[in-house]
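Only a predicted model underlies this, so the values are computations on that prediction, with no experimental measurement involved.
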Amino acid sequence: WLRKWLKTADSVELRDVIDWAYYRERLGKNIQKIITIPAALQFVENPVPRVPHPDWLQKKVKEQKSRAQTKIDSVFRRLAPGERHSSPLSGAGAGAD
């Protein structure tokens with residue numbers, strides 16, 4: 001059937017007809033989507049070194065690593081004894097009816 005489809009009289013192997021580069025590329029892209037990209041976003045070393053990370057991913061991982069988390073202590077301050085908390089809502093006109 002393969003000889004008839006390829007219109008050749010020679011003995012043809014199916015392995016010689018398949019475009020292996022195309023299927024390797026497709027498999028590599030799926031491995032990236034399922035395994036390597038999520039691993040990189042979790043700061044795990046590439047579990048499949050034969051499939052390199054895309055260039056955009058390296059940039060995104062560097063941005064995530066450089067972003068430092070703000071400490072909660074820097075947002076709030078400790079009140080002195082006897083000092084009352086002032087709310088932005090407890091200004092003039094709040095409850096004046």
Counting only heavy atoms not in Phe43, do more than 12 sit closer than 6.0 Å to its CZ atom? yes
Pro52: what forms a side chain to side chain contact (heavy atoms under 4.5 Å, CB included) with it, not counting sequence neighbours? none
Measure the shortest side-chain to side-chain distance between Val61 and Trp56 over non-hydrogen atoms and say whether it is less than 4.5 angstrom. no
Can you measure from CZ (Arg50) to OG1 (Thr36) and round to the nearest 0.5 angstrom? 13.5 Å
Got a second to check how far Gln32's CD is from Asn46's CG, nearest 0.5 Å? 8.5 Å
Check whether any side-chain N or O of Glu63 sits under 3.5 Å from a backbone N or O of Lys60 as a donor-acceptor pair, and report yes or no. no
Using side-chain heavy atoms (C-beta onward) and a distance below 4.5 Å, is Ile35 in contact with Val51? no
Over 12 foreign heavy atoms within 6.0 Å of CD, Glu83: yes
Out of curiosity, Gln64 CD to Lys59 NZ, how far, rounded to the nearest 0.5 Å? 13.0 Å
For atom CG of Asp55, is the number of surrounding heavy atoms from other residues, nucleotides or ligands below 6.0 Å larger than 12? no
What is the distance from atom NZ of Lys62 to atom CD of Gln58, rounded to the nearest 0.5 Å? 7.0 Å
Drop me the distance from Trp20's CH2 to Leu27's CG, to the nearest 0.5 angstrom. 11.0 Å
Side-chain heavy atoms under 4.5 angstrom apart, residues restricted to Ile, Leu, Val, Met, Phe, Trp, Tyr: same cluster for Ile37 and Ile34? no
Beyond-backbone contact of Pro38 with Leu41, side-chain heavy atoms, under 4.5 angstrom: no
